[in-house]
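Report on the following structure.
Scope of the values below: all heavy atoms of this structure, side chains included, with no hydrogens, waters or symmetry mates. Counting starts at 1 for both ligands and their atoms, following the listed order.
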Amino acid sequence: MTRLSETRAGPESNQEEYERLERATSKLDPPFALVDLEAFKSNEKDLVRRAAGKPIRLASKSVRCRALQQQVLGGDGWRGTLAFTLPEAQWLASSGFDDLVVAYPTADREALRKLAALETDAITIMVDSVEQLEFIDSVVGSRVAPIRVCLDVDAGWWALGDRVRIGAKRSPVHSASQAASLATEVSGRAGWKLVGLMAYEAQIAGVGDAPPGHPVRGLALRAVQSLSASELSERRAAIVEAVRAIAPLEFVNGGGTGSIESTTVETAVTEVTAGSGLYGPTLFDAYRSFRPRPSAMFALPVVRKPSKGVATVLGGGYLASGPGDRSRLPEPHLPEGLRLDRQEGAGEVQTPVLGRIAGDLRVGDRVYFRHAKAGELCERFDRLYLIDADRVVDEVPTYRGEGRCFL
Ligand SMILES: Cc1ncc(COP(=O)(O)O)c(C=O)c1O
């Protein structure tokens, strides 16, 4: 787990940041979640810089707050949303968002029927198999306009004669010929319009290449990621060429916060995706080439002192999805020098924090935590307090605060 001293607090020290947040939020009663706008905007600019001129599609699952998504999409360098469910995309479209690509296949019959009943260019759905096409055709029957579709292609790295497969288990489409045959299938069907191609290299974009305390693992990871990036660059180019021969694609999407540099240099890729880098959660502390500033946090109140050197805060068990190891736990961020208890981790109703300054904390003090992932934090809070310098300048609802729970 990343140590506090290794995190970058921007121009100010952790102590200054703590005091500033305390001044800004003194009137609020924890638990609450906040976004530090200065850090958020600096992260946003850094993502645009790293994309080196290619537009960034915003991964909405990693933000889950319409006001912040609107703000980011209104800035230079960003174009369109990578949504995470079809109902979410439809909800966003109904409030003025456009260019929405649903990143994961859908089996939501009601949402599909709604999609088929509207003539809209705003939403593109994802497929990676004929089975999904058949399912959707059987659900929606006729439609007022062709359904816009994007092909999801596997961006994993296969080694040792394909016996070792590294990457997320997503699409079954791996080769240019498989992609071409699915593209032919889509194009040959009435009621479908193939407009995009996506290949997300999770093994690079979502796996930090410098895990703290594991230098040898870091070396191995970097070697695999470098081999994977060069293999993917060639394969993705061949796939795009093969599919473009069948359908005139509007976009080719790839990458994520952790892979922007290697994805954006591929000429076959027309846009990259990013989202997590805006909030700067702990899983993104472990990259060598960039370090987002922690901008999203949640504050919990100290409610008791079980013993000297231990303070216990209310709540805190906001674990991130994934393999269920320690990296998914939230991390006490401020004041500096606190850590979780190995036995208890982060609890459903209370979380002990240990460390040299835990003994100084008093009932009613706050501890600011960082989440391991980005948007999942917003499933725990109905609003985000936006902090500018040492003031709360706004409060904006999360998806949850708007009564929306998509996943
Ligand atoms: C399809 C896809 N693209 C891109 C991303 C990257 O998003 P982020 O920048 O938030 O890590 C993800 C994250 O899981 C994803 O599933």
- Message: Pair Y368, E22 - check side-chain contact (heavy atoms from CB on, under 4.5 Å), show working.
- Response: CA-CA 10 Å; Y368 296 83; E22 285 287 89; 2.6 Å; yes
- Query: What's the verdict on side-chain contact (heavy atoms from CB on, under 4.5 Å) for K61 and Y104, showing C-alpha distance, side-chain angles and the deciding distance?
  - Reply: CA-CA 11 Å; K61 76 173 178 66; Y104 316 97; 3.6 Å; yes
- Message: Walk me through whether F135 and L112 qualify under side-chain contact (heavy atoms from CB on, under 4.5 Å).
- Response: CA-CA 10 Å; F135 172 80; L112 284 164; 4.0 Å; yes
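For atom 6 (C) of ligand 1, the choice among G256, A202, A103 with the nearest heavy atom turns out to be G256. Closest to atom 5 (C) of ligand 1 by heavy atom, among F284, Y200, Y104, F84, is Y200.
When only non-hydrogen protein atoms are considered, atom 7 (O) of ligand 1 lies nearest to A59 CB, 3.9 Å. The protein heavy atom nearest to atom 13 (C) of ligand 1 is K61 CE, 3.2 Å. Among protein heavy atoms, the minimum distance from atom 4 (C) of ligand 1 is reached at G255 O, 3.3 Å. The single protein non-hydrogen atom nearest to atom 8 (P) of ligand 1 is S276 OG, 3.3 Å, given as residue, atom name and distance.
Atoms of ligand 1 lying under 4.0 Å from at least one heavy atom of M198, given by number and element, are 1 (C). Those atoms of ligand 1 with a heavy atom of R170 less than 4.0 angstrom away are 1 (C), 14 (O), 15 (C), 16 (O). Each of the atoms 9 (O) of ligand 1 lies under 4.0 Å from some heavy atom of A274. The ligand atoms of ligand 1 that sit less than 4.0 angstrom from a heavy atom of G275 are 8 (P), 9 (O), 10 (O). Listed by number with element, the atoms of ligand 1 under 4.0 Å from a non-hydrogen atom of S62 are 8 (P), 10 (O).
Ligand 1 does not have A205 within reach: every non-hydrogen atom of the residue lies 4.0 Å or more from it.
When each of L194, I147, V149 is paired with V127, the side-chain contact (heavy atoms from CB on, under 4.5 Å) condition holds for V149 and for no other. Remark: of the listed residues R366, R20, R391, R366 is the sole one forming a side-chain hydrogen bond (donor to acceptor under 3.5 Å, both in side chains) with T25. With Y399 as reference, E88 is the one residue of R66, E88, R64 to meet the side-chain hydrogen bond (donor to acceptor under 3.5 Å, both in side chains) rule.
A donor-acceptor pair under 3.5 Å is formed between the side chain of Q178 and the backbone N or O of H174.
Here D137 pairs with R189 in a salt bridge; the nearest charged N to carboxylate O distance falls below 4.0 Å.
Closest approach of V63 and C378 over heavy atoms only: O-SG, 3.3 Å.
Distance check: I56 CD1 to L73 CG gives 10.5 Å after rounding to the nearest 0.5 Å.
Under 4.0 Å from ligand 1, the heavy atoms of L82 that appear belong solely to its side chain. For K373, no heavy-atom contact with ligand 1 is shorter than 4.0 Å.
Between T257 and ligand 1, at least one N/O pair is under 3.5 Å apart.
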